[in-house]
Amino acid sequence: MSTLHIRQIKNQLHQIFSGLIDESDLSKRQAEDKEKAFLSRALAAYAISSINNTNPTDAAKSIIDGYNDNGIDAIHYSPILKQLTIVQSKWIDNGEGTVDYGSALKFLQGAKDIIDCNFKKFNEKIKPFINIIQNALYEFELKINLVIIHTGKENSIPNIAKEALESYIALINDNGDDTNTDDKVSLIHWNQASIYSNFNLINDNRKPINLEGMIHQWGKINEPYYAINGYITADQVSTWWNNNKKTLFSKNIRNMLGNTAVNDEIKKTLITSPELFWYFNNGITIIADSIMKSPAHGNTSEAGVFCLKNANIVNGAQTVSTIGTIKDIDKENLAKALIPIKIISLQHAPEDFGKQVTRNTNTQNKIENIDFVSLDPEQIRIRNELEFESIKYIISRGEDLNESDQNIITINEAITALACLNSLELAVQAKREIGVLEDTLSKQYKLIFNHNTHGILIKNAVSCFRKINVVIENLKNNESFKSGLLIHGNRFITHALFRKFSINPVSIIDESFDEQSYNFEAGAVEIITKIDSIIQKEYSETAVLASLFKNGKKCNLIFNKIFDSN
């Protein structure tokens, strides 16, 4: 069946991507080679589209395949999902085998160069992506997908290459300090069967999922489109999962994310406090071709049994998958856990309304630690103190903000500047996971914000922080320095400069303090030169900049060597 599958996949790729893939550099190739190159590029675009829920036109723009592509065929950054996807693709006509280890190792090196912002080895097609990649690497929640996709039957990558890839991913995910590793980078391998199955999943309208469940305390909306809401018990959701698994989520742009901190909290609540689940959970949203109510339970709104034709869970995949996969839990706990639910009928809605619901329910702003900061009395005190300095202190998301106004300080700026000012440990934390510093209950937050944190301290710390940021940004244009070191090491460099010039939380509380009196540029050049030298000496074979500056132990070693040599 391999030949048949290859032919069907080829047909699908032509239907989706013909006329969208840039083939201008293929004009001199023979027809057979040109076709194979198109299919390889279309495979890469297909991977981008599937993983990021990107339309084919935008996915086709991600292609950088060509001469001197450094083993990378496509690059895409999704600002909605905050994920960078790097793809190598290979079209195998006979459907046999897999990618060779040489190509896989070349892909690994290309991915390393992208993450380290070393773009010199790439062709001209990389240029439109450079700023996008560099900006994406500043994102604290960034996830990186390394994708190998091919039409071979083998479900594995050659061992040498696989071990090298897994070793690199383990290294970059290691955040040091004996804490759990981050799942920042993931390897995705799609072979012929994976591609074929995914096409079937997308195109399979022959087997709609019909769900049945009892909705409690239900209400309805008739206009402009029919919908019901209420709550459902977790044991019913568990049954949905066990009967259908991931096919419940074929229209959900996030699908199921695996083990995350949020999912761990879902499990914890189900096990220890199921009666509180409704209070803590945002619920699930379902779209269905139609909604039918069973005569059971009459017309009472206390409870109703509903049948959902061609149902699809478009928001709440994490809740459903976590409930469905949790092990060793008392069934009574699932029956006690109540989940808010919203079901929208598409029966009389416009053709694209389901897509609108899917996109909007997955892109609403979520409540984060930073949203609770504005309730902290210390922040209100600091805001009042800064008002006397003619500084507007933004401590709530959504407030009007003119980023070019130097008399405005945001809470994110204050947190990062103070972290870099206070200690290397906090500077590393700001790079690794700033959410910890935003948590008003964390010890790290209380180290930064307490009764000694005066508005003048924040004003001066942020002024220095901004000046140092400008220096680091300008040095990215200096070919003597690796831009990857500047991007990934920016918080380390900032703290090192504070140390070099003896700027600390005590010395900086001074109305006469003037950041202009410090030559941060000369200091940065000296610090960066030393960092690069130490890395080459201590970590020349294993230096992964993206993880190195999130590793407290390694940062301490580098920091001590810098200042021990003074």
Side-chain angles (χ1 to χ4, degrees), residues 77 79 81-84 115 134-144 172-177 179-185 260-262 264-265 365-376 378-379 382 393-399 401 403 408-450 453 457-458 461-462 464-466 468-469 472-473 486-498 505 545-552 554-556:
Y77 173 66
L81 301 179
K82 285 187 170 54
Q83 64 182 16
L84 179 67
I115 294 170
Q134 290 179 336
N135 291 332
L137 290 170
Y138 283 119
E139 292 285 350
F140 292 106
E141 298 178 352
L142 178 69
K143 300 289 184 182
I144 301 175
I172 203 170
N173 285 337
D174 180 10
N175 59 22
D177 306 320
T179 60
N180 293 328
T181 58
D182 293 327
D183 292 325
K184 295 293 185 185
V185 182
T260 67
V262 172
D264 289 341
E265 288 299 316
N365 291 330
K366 62 181 180 180
I367 299 218
E368 299 175 343
N369 285 335
I370 196 70
D371 296 308
F372 296 99
V373 169
S374 61
L375 304 178
D376 182 7
E378 298 289 358
Q379 295 294 343
I382 293 167
Y393 186 39
I394 306 292
I395 58 177
S396 297
R397 289 198 297 171
E399 291 188 58
L401 175 62
E403 294 183 358
I408 290 177
I409 293 176
T410 67
I411 182 64
N412 295 93
E413 273 189 306
I415 289 174
T416 312
L418 291 179
C420 293
L421 176 69
N422 274 271
S423 70
L424 177 61
E425 178 185 0
L426 291 173
V428 172
Q429 183 64 61
K431 192 64 183 178
R432 184 164 63 218
E433 186 184 1
I434 198 170
V436 172
L437 303 179
E438 297 169 342
D439 183 356
T440 56
L441 300 178
S442 72
K443 64 179 182 180
Q444 291 91 337
Y445 174 88
K446 292 174 182 177
L447 285 171
I448 293 175
F449 295 109
N450 51 63
T453 311
L457 186 154
I458 290 180
V462 169
C464 290
F465 176 73
R466 287 174 175 173
I468 292 170
N469 270 350
I472 292 174
E473 191 66 27
L486 300 173
I487 289 172
H488 296 296
N490 59 345
R491 304 305 176 226
F492 181 98
I493 295 165
T494 302
H495 176 69
L497 285 171
F498 280 137
L545 298 176
S547 62
L548 180 64
F549 292 105
K550 298 176 184 178
N551 187 308
K554 293 179 180 178
C555 285
N556 265 306

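Side chain of N450 to main chain of K446: a donor-acceptor pair is present (N/O by atom type, distance under 3.5 Å, no hydrogens or angles). Judged purely by atom type and a 3.5 angstrom limit, T494 has no side-chain atom pairing as donor or acceptor with the backbone of N469. H495 places no side-chain N or O within donor-acceptor distance of the main-chain N or O of A427, the cut-off being under 3.5 Å. Counting only distance, with no hydrogens or angles, the side chain of S442 and the backbone of V436 share a donor-acceptor pair below 3.5 Å. Under the 3.5 Å distance criterion, the side-chain polar atoms of H488 are matched with a main-chain donor or acceptor of I115.
Neither side chain, Y138 nor N490, offers a donor N or O lying under 3.5 Å from an acceptor on the other.
Partners of Q83 under the side chain to side chain donor-acceptor pair (under 3.5 Å) rule, at least two apart in sequence or in another chain, are N52, N145. With sequence neighbours excluded, the residues forming a side-chain contact (heavy atoms from CB on, under 4.5 Å) with Q134 are C117, F119, I130, N131, K476, S483, I487, listed by chain and number.
Rounding to the nearest 0.5 angstrom, the gap separating the CD1 atom in I434 from the OG1 atom in T416 is 3.5 Å. For the atom pair F498 CZ and S423 OG, the distance stands at 12.0 Å (nearest 0.5 Å). With rounding to the nearest 0.5 Å, the separation of CG in L437 from CG in L418 is 10.0 Å. Rounded to the nearest 0.5 angstrom, E438 CD and Y445 OH are separated by 10.0 Å. Here the straight-line distance linking atom SG of C555 with atom CZ of R432 works out to 9.0 Å at 0.5 Å rounding. To the nearest 0.5 Å, atom CD1 of residue I382 and atom CD1 of residue I458 are 4.0 Å apart.
Proximity of C420 to L426: side-chain heavy atoms (C-beta onward) are nowhere separated by under 4.5 Å. Two residues are said to be in side-chain contact when any heavy atoms from C-beta on lie closer than 4.5 Å; F449 and Q379 meet this criterion. Considering only heavy atoms from C-beta on, N556 stays 4.5 Å or farther from V428 through its side chain. For the pair Y77/K82, a side-chain contact is recorded, criterion being any heavy-atom separation below 4.5 Å from C-beta on. Contact check for I409 versus R466: side-chain heavy atoms found under the 4.5 Å cut-off.
For E425, the CD atom counts as loosely surrounded, since its 6.0 Å shell holds 12 or fewer non-hydrogen atoms of other residues, nucleotides or ligands.
Nearest heavy atoms, L457 versus P505: CD1-O, 3.5 Å. Pairing each heavy atom of L84 with each of L142, the nearest pair is N-CD1, 3.8 Å.
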In sequence, state the C-alpha distance, the side-chain angles, and the governing distance for Y393 and T410, and then conclude on side-chain contact (heavy atoms from CB on, under 4.5 Å). CA-CA 6 Å; Y393 186 39; T410 67; over 6 Å; no
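For K550 and E433, the salt-bridge test fails: no basic side-chain N is under 4.0 Å from an acidic carboxylate O.
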